[in-house]
Chemist: 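Take a look at this one; I'll ask things after.
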2 protein chains.
Amino acid sequence: MAAVTIREVAEAAGVSVATVSRIASGSDYPVGARTRERVEAVIEALGYRPNQSATDLSRRDTHLVGVLAPDMANQYYAEVTRGIEDAAHEAGYQVLFSSTDRRKTRAETALEALLRRRVAALIILGGGDEVRLTRKQVASYGTEVVLIGRAGEDFPTVTTDGEQAGQVMAQHFIDLGHRHLAFIAGSRGSTATRLRLSGVRRAARAGGLTAPPVSRGGYTEQGGYRAARDLLANTTARERPTALIAANDRMAIGAMAAAHDLGLSVPDDVALAGFDDTPISAYVRPALTTYSLRSAQLGAEAMQMILDREEGETSIRHRTVDGDIVVRESCGAHRRATTP
Amino acid sequence: MAAVTIREVAEAAGVSVATVSRIASGSDYPVGARTRERVEAVIEALGYRPNQSATDLSRRDTHLVGVLAPDMANQYYAEVTRGIEDAAHEAGYQVLFSSTDRRKTRAETALEALLRRRVAALIILGGGDEVRLTRKQVASYGTEVVLIGRAGEDFPTVTTDGEQAGQVMAQHFIDLGHRHLAFIAGSRGSTATRLRLSGVRRAARAGGLTAPPVSRGGYTEQGGYRAARDLLANTTARERPTALIAANDRMAIGAMAAAHDLGLSVPDDVALAGFDDTPISAYVRPALTTYSLRSAQLGAEAMQMILDREEGETSIRHRTVDGDIVVRESCGAHRRATTP
DNA sequence: TTGTAGGCGTTATCAA
DNA sequence: TTGATAACGCCTACAA
């Protein structure tokens, strides 16, 4: 409380508030050298720091970007957010973050709070259905909105080509000779899951395989563990899938544990892969084959898009950030461990 | 831009701004039923949303809490932040966070920006030395400051007893019959590392072991991998440590990979443990023995402390959140895999 | 080069 | 129960 105001500085320095403002805000408005020196000394001495609320109000512009994500503690969202934050910091923006916890009510109050702050831009992560937006609604927000990892023709988006990712991964297994694939899905209604699965199915169809069975794992290790157990246990070796594709790394690692606990060897008895290229995936053994989404870059691109629009760019753009399959041990393509 | 203002609502509803304010801000000031109804309809129709900067300015109080952490993409900090965020959301606060990336300059600009926003409270995570605070300095901030995971008699802190944690972990291995421990440290200057190591040393001394060798791993999987390799390779079986204690789970998992790649079995040739109880640690195989820090609760406690002080509580408090050893497979205490 | 004063959108005090 | 109006702290024409 009771922070130093511009008026106090002005009085102490014996100048007007206008002069102090010009100096403190780093404006290029001309100020006498002697005056400047004196004022700067006072600012320093008093520890004056402009009140951002006042500045924003006066300038009609907050340098704030709001980020809405399902769960900040999730590695993927955390990385995307880091990407946003780095780019934001660079451009002089700050990040206001809210987790929705995948709950509709919480998503709504969080969104409301963000809008009251008059965030200059809003970045929405994840394809969940806890936040639903219509073009019209958003128009009334008066804020740039960018979607990451979610389809939405009406808004600017940054995504990886999820369908292609699924397709590439399935094809990789088919090329390795697999005929029985299975898919471990994330949560219901997730865009990422839907697209990846669609890609997997397409590859399977093209390769003449039967449609891969699907089990749901909610994007967690535990869910992946259970889904894999369902897929692998109580089946004869004949009908058991020989390759599991999980919609993210966390579930893939859970699946790996399940296979291990069932006495099945990875990749010999079951091959395995995930998505995200989480840092840890290179360090489990066998090392996890995965699909790199360049999470941080997704965030950086979104921020860049926002900056571009502020510059006058007006079209709705859809950026696609390239992903890449990262072949390690769990798919069985290599036979020996590689040292990172 | 051009968001609806209170004045526009007032005009449209044919009342004064004062009336609109009383309704929109949820004040309990009496307002006629008919008027209220009419105004609420206009608010709804126009999509009016109070400008928070203006509200804050007028009320001299932002409901913002700032969080400064080394790296939000790090699981531990992400979880603590989730804890803060949940408690904050509950209490009607929003969180503004910044990663310092462990760089001094970035920490400074981020801190400055947070202060300009007049955050009602500032929570600083991690024991790194990129942010150094003196009591006097902070007094001039005019903001509550709470430290998490960092010693600092001068400020309110929330910590786990790091020394005890290290001591407990080392004692666990000693009880299991180990005589040659080794420690994988995090980054230089880290409080967590210092305390845990100190606890490990104390237990070793008390148990009559020689001082454990230390290798540094920077808190990453890769660092842990390298540190473990240095500790385990090029040593005869006689002098090789039989148990590795890593200062966090990420390094422990890196160490596990290193052991595997060196053809050493965990826990039979080398036992292993980490700290943090990261979600993944239950799902690597062998499952990782670790020390649970209750990260989210650390954040929640910090937020609670802030709320208490706003209520008039004035003393500098030091909360210690209990931690617990989580015994799984990597330490060798169990012989068979347990299914989670 | 410096200062005066109006405005940014709300809240809150005081009258009516 | 309602309405003017003075803050809140800063920026920025416009004057001097």
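Predicted model only: the values in this text are computed from it and were never measured. Protein chains get the first letters and strands the later ones, always in sequence-line order, with residue 1 at the start of each.
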Chemist: What's the angle between the local helix axes at either end of the helix from C:dT1-D:dA16 to C:dA16-D:dT1, using five pairs per end and rounding to 10 degrees?
Modeler: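 Roughly 40° between the end axes, to the nearest 10°.
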
Chemist: Between A:R116 and A:E112, is there a side-chain N and carboxylate O pair less than 4.0 Å apart?
Modeler: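 Here A:R116 pairs with A:E112 in a salt bridge, since their nearest N and O are under 4.0 Å apart.
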
Chemist: Salt bridge or not for A:R117 and B:D56, using N-O below 4.0 Å?
Modeler: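 So A:R117 pairs with B:D56 through a salt bridge.
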
Chemist: Would A:R59 and A:D61 pass as an ion pair if we require N to O under 4.0 Å?
Modeler: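 No.
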
Chemist: May I ask you to list the residues of residues 35-47 of chain B, by number, that have any heavy atom positioned under 4.0 Å from an atom of DNA chain C?
Modeler: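 Heavy-atom contacts with DNA chain C come from no residue of residues 35-47 of chain B; none.
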
Chemist: Between A:D86 and B:R106, does at least one N-O distance fall below 4.0 Å, as a salt bridge requires?
Modeler: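 A salt bridge is present here (some side-chain N lies under 4.0 Å from a carboxylate O).
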
Chemist: Write down the distance between CD1 (A:I23) and C1' (C:dG3), rounded to a whole number of angstrom.
Modeler: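 So the CD1-C1' distance, A:I23 to C:dG3, works out to 13 Å.
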
Chemist: Evaluate the side-chain proximity of B:E301 to B:T159: yes if any heavy-atom separation is below 4.5 Å, no if none is.
Modeler: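 No, side chains not in contact.
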
Chemist: Salt bridge or not for B:K136 and B:D154, using N-O below 4.0 Å?
Modeler: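 Salt bridge flag = no for B:D154 with B:K136.
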
Chemist: Would you say the side chain of B:L307 lies within less than 4.5 Å of the side chain of B:Y93, judging by non-hydrogen atoms?
Modeler: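 Yes, side chains in contact.
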
Chemist: Hey, does A:V67 have a side-chain heavy atom less than 4.5 Å from the side chain of A:V80?
Modeler: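 A side-chain contact under 4.5 Å is absent here.
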
Chemist: State, yes or no, whether a side-chain contact exists between A:R82 and B:S99 at a heavy-atom distance under 4.5 Å.
Modeler: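 Yes, at least one pair of side-chain atoms sits under 4.5 Å.
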
Chemist: Pull out every protein N or O sitting under 3.5 Å from an N or O of nucleotides 9-13 of chain D, one pair per line with the distance.
Modeler:
| unit_1 | atom_1 | unit_2 | atom_2 | d |
| --- | --- | --- | --- | --- |
| D:dG9 | N2 | A:A54 | O | 3.4 |
| D:dC10 | OP1 | A:Y48 | OH | 3.0 |
| D:dC10 | OP1 | A:N51 | N | 3.0 |
| D:dC10 | OP2 | A:I6 | N | 2.5 |
| D:dC10 | O3' | A:T55 | OG1 | 3.2 |
| D:dC11 | OP2 | A:S21 | OG | 2.7 |
| D:dC11 | O4' | A:S58 | OG | 2.5 |

Chemist: Check whether any side-chain heavy atom of A:S53 sits under 4.5 Å from a side-chain heavy atom of B:R118, and report yes or no.
Modeler: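 Side chain of A:S53 against side chain of B:R118, heavy atoms only: no contact under 4.5 Å found.
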
